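Only a predicted model underlies this, so the values are computations on that prediction, with no experimental measurement involved. Counting convention: from 1, in listed order, for ligands and their atoms alike.
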Amino acid sequence: MHFYYLSTFWILTSNSLTSATPSKGRKTCTVKASGTNKTDDAPAIRSAFSECSRQARIVFNPTTYYVNSVLNITGLEDVEIDIQGTLLWSTDIPYWLNNSLPVGYQNQSTAFVLGGNNLKINGYGTGTFNGNGDYWYEWIRQQPNSSNYPGRPHQITFNGLTNSIVKGVNFLRSQMWTMSIIHSHNSVWQDILVNNTGNKFQSSNTDGADTMFSSHLHFHNWTVHNGDDSISFKANSTSMRLTDSRFHGGLGIAIGSIGQLADVFETVQDISAANVYFQDTLHAFYVKTWTGDRNGYPPNGGGGGRGFASGLRLTNLTTRDVRGAALAVSQCTRFKGAPGQGNCTNSRFQIRDVVVEGLRGSTKSARVASLQCSAVAPCTGIALSGVDLRFGNGTAVGGYLCGHVGVREGWDCTGEVCEGGSATGEC
Ligand SMILES: *[C@@H]1O[C@H](CO)[C@@H](O)[C@H](O)[C@H]1NC(C)=O
Ligand SMILES: *[C@@H]1O[C@H](CO)[C@@H](O)[C@H](O)[C@H]1NC(C)=O
Ligand SMILES: *[C@@H]1O[C@H](CO)[C@@H](O)[C@H](O)[C@H]1NC(C)=O
Ligand SMILES: *[C@@H]1O[C@H](CO)[C@@H](O)[C@H](O)[C@H]1NC(C)=O
Ligand SMILES: *[C@@H]1O[C@H](CO)[C@@H](O)[C@H](O)[C@H]1NC(C)=O
Ligand SMILES: *[C@@H]1O[C@H](CO)[C@@H](O)[C@H](O)[C@H]1NC(C)=O
Ligand SMILES: *[C@@H]1O[C@H](CO)[C@@H](O)[C@H](O)[C@H]1NC(C)=O
Ligand SMILES: *[C@@H]1O[C@H](CO)[C@@H](O)[C@H](O)[C@H]1NC(C)=O
Ligand SMILES: *[C@@H]1O[C@H](CO)[C@@H](O)[C@H](O)[C@H]1NC(C)=O
Ligand SMILES: *[C@@H]1O[C@H](CO)[C@@H](O)[C@H](O)[C@H]1NC(C)=O
Ligand SMILES: *[C@@H]1O[C@H](CO)[C@@H](O)[C@H](O)[C@H]1NC(C)=O
């Protein structure tokens with residue numbers, strides 16, 4: 001159903017995307033580059049978008065644009081955005097900590113807000129957003145709390161993006177999360193490379209993509225090298241599809257964290273992933289919720305939220321050297337620097353109707369699954385088939401650890417799961 005809808009969308013949009021020549025009759029604004037990072041190119045970018053905000057085309061030439069200040073570009077209508085060069089964010093960390101824009105979620109902030117209807121953003125495989133993250137990865141190591149540091153910006157936030165496509169863009173060394181996607185619907189991101197591998201230091205919180213309050217998004221042909229969630233579907237993500245992608249070094253596909261806001265009801269529904277390859281990731285697929293108790297406030301504290309994640313379907317997952325349980329649930333999310341301890345089994349957020357069909361490859365962990373669920377709202381309807389995980393020496397792995405798992409299909413629990421605070425699944 002969704003596949004049909006999305007592939008129709010794809011065909012309709014692909015002509016204009018692959019065409020490098022300007023569409024006839026379209027007003028075009030070409031952004032001028034200053035050529036030096038001493039001069040901020042953001043004013044030129046803002047003025048191009050303000051002049052070419054409707055039925056128009058914006059061109060970034062094959063050169064480097066220096067982005068030294070925040071961008072908030074929303075309300076575009078039918079705009080083609082050609083990115084032939086690189087947007088490079090400045091290294092002035094105190095400026096960004098002071099001035100990053102609110103994302104509208106989890107007290108997080110961002111360097112760039114972009115939104116509109118019917119946008120076609122094409123990087124032709126070379127267009128690049130470079131967050132200059134090497135500076136951030138070195139700096140965050142020196143901070144007392146390195147998780148979700150207030151004001152550390154996401155590279156870009158798509159807010160209010162609808163009926164749009166982002167294609168062939170590279171996202172390098174994001175300052176923090178690569179992209180947050182919020183209040184966005186019916187859009188596609190395809191042929192995307194995220195590489196948050198630092199040249200000197202590595203960093204966590206470098207998620208590939210995070211979605212919230214969004215629906216009908218399709219992520220196709222992604223390659224992600226990073227140190228945190230490869231992709232994460234968070235509060236009120238509905239009908240999300242991930243296909244034909246490769247994840248390296250991060251944590252795998254995440255649902256959550258969720259349940260962070262006391263008494264707030266949030267859901268994650270109808271998520272599917274097919275043909276995904278995981279190399280050296282911690283998990284293939286994992287779910288993380290906060291506990292039933294509130295301890296502190298977001299971004300690093302919280303808990304006590306309600307809701308459910310349901311209709312999670314994973315098909316044809318291939319692993320190479322995954323580092324932990326390929327499938328994991330932890331309902332005891334806690335970040336470094338967060339107050340309180342809490343109870344790992346009292347979450348009121350339920351995980352149900354999860355189908356895994358095909359999970360094959362190599363692992364370094366004796367656990368196929370580690371499911372630490374809530375006693376108050378136990379996990380249920382967990383169906384696994386076509387599982388064949390092996391150690392490097394060829395020995396099959398058969399550990400399925402459970403805590404409060406109800407209806408199971410195609411597998412059995414082999415032991416008790418570990419209960420303990422975690423931001424990454426397992427203890
Ligand atoms: C400008 O580039 C130089 C050399 O790469 C770098 O040291 C400096 O931090 C940059 N300045 C800004 C504001 O990005
Ligand atoms: C950050 O904000 C503080 C307080 O408003 C101000 O004193 C300081 O100069 C600002 N720093 C930068 C780099 O903008
Ligand atoms: C961005 O600009 C829009 C339109 O002016 C405004 O409504 C919104 O609050 C701004 N967003 C941020 C994060 O400043
Ligand atoms: C993290 O450290 C910063 C700077 O010291 C501080 O402002 C912030 O409140 C801290 N956050 C937490 C959750 O400890
Ligand atoms: C997948 O995306 C990459 C760019 O990240 C591109 O080089 C490659 O051709 C795409 N693959 C397919 C099958 O389109
Ligand atoms: C990712 O970036 C690192 C650091 O610059 C580089 O060594 C590596 O080759 C890059 N990987 C890809 C796939 O581009
Ligand atoms: C999130 O989804 C739930 C369930 O569909 C709904 O009750 C809630 O209002 C939504 N929250 C927001 C902020 O959209
Ligand atoms: C399973 O996914 C792999 C990529 O990870 C792909 O090469 C293979 O063709 C897929 N198999 C099927 C049956 O789609
Ligand atoms: C954002 O963080 C501040 C300081 O930690 C906290 O007081 C506030 O409640 C948080 N706001 C939200 C919406 O979480
Ligand atoms: C944790 O919460 C569960 C559910 O309310 C309860 O059964 C259990 O006794 C609690 N554990 C502790 C150590 O308080
Ligand atoms: C295979 O590797 C596992 C994990 O290192 C080890 O526990 C097991 O004994 C090995 N089996 C054989 C037959 O070498």
Side-chain angles (χ1 to χ4, degrees), residues 42-43 45-47 49-50 53-54 69-77 79 96-117 150-162 177 179-184 212-213 259 262 289-295 303-306 319-326 330-334 340-350 361-368 372-379 388-399 403-406 414 416-421 427:
I45 295 170
R46 276 182 219 112
S47 93
F49 276 101
S50 113
S53 65
R54 305 180 73 82
S69 57
V70 293
L71 291 169
N72 177 12
I73 295 165
T74 52
L76 303 172
E77 175 65 43
V79 178
W96 293 107
L97 294 179
N98 257 12
N99 294 286
S100 292
L101 303 169
V103 167
Y105 175 79
Q106 213 191 37
N107 243 341
Q108 303 261 13
S109 43
T110 188
F112 185 4
V113 179
L114 183 64
N117 181 50
R152 182 180 174 192
H154 303 172
Q155 182 167 120
I156 185 169
T157 297
F158 294 98
N159 189 333
L161 188 76
T162 53
W177 292 2
M179 68 181 76
S180 34
I181 303 173
I182 184 165
H183 306 308
S184 294
M212 39 262 172
F213 309 114
T289 85
W290 291 73
T291 73
D293 310 308
R294 187 187 64 70
N295 285 295
R306 298 181 295 125
T319 65
R320 177 154 171 210
D321 294 340
V322 291
R323 294 177 277 124
S330 165
Q331 298 214 245
C332 204
T333 294
R334 208 176 287 156
Q341 288 309 304
N343 176 330
C344 291
T345 59
N346 68 0
S347 170
R348 287 179 290 161
F349 190 96
Q350 184 180 42
S362 66
T363 179
K364 292 178 169 165
S365 168
R367 301 160 180 180
V368 172
Q372 186 266 296
C373 300
S374 169
V376 175
C379 296
D388 184 5
L389 292 183
R390 292 170 186 269
F391 286 125
N393 61 18
T395 302
V397 165
H404 307 291
V405 180
T414 61
E416 283 295 309
V417 76
C418 156
E419 279 172 18
C427 289

Those protein residues which place at least one heavy atom below 4.0 Å from ligand 11: F391, N393, T395

T110 (side chain) donor-acceptor with L101 (main chain) under 3.5 angstrom: no

CA sep, side-chain torsions, deciding dist, call: N343, D293, side chain to side chain donor-acceptor pair (under 3.5 Å): CA-CA 7 Å; N343 176 330; D293 310 308; 5.6 Å; no

For V376, atoms of ligand 10 separated by under 4.0 Å from a heavy atom: 4 (C), 5 (O)

Pair C427-Q372, side-chain contact (heavy atoms from CB on, under 4.5 Å): steps then yes or no: CA-CA 9 Å; C427 289; Q372 186 266 296; over 6 Å; no

Set of residues satisfying side-chain hydrogen bond (donor to acceptor under 3.5 Å, both in side chains) with respect to S100, sequence neighbours excluded: none

Contact atoms of ligand 3, heavy-atom distance to T74 under 4.0 Å: 2 (O), 3 (C), 4 (C)

Set of salt bridge (Lys or Arg N to Asp or Glu O under 4.0 Å) partners for R390, sequence neighbours left out: D388

Non-neighbouring partners of R323 that pass side-chain hydrogen bond (donor to acceptor under 3.5 Å, both in side chains), sequence neighbours left out: none

Numbered atoms and elements of ligand 3 in range of P102, under 4.0 angstrom, heavy atoms: 13 (C)

Stepwise side-chain contact (heavy atoms from CB on, under 4.5 Å) test for I45 and I73: CA-CA 9 Å; I45 295 170; I73 295 165; 4.1 Å; yes

Numbered atoms of ligand 10 (with element) below 4.0 Å of N343, judged on heavy atoms: 1 (C), 2 (O), 3 (C), 8 (C), 10 (C), 11 (N), 12 (C), 14 (O)

Expected output: side-chain T157 to main-chain V113 donor-acceptor under 3.5 Å: no

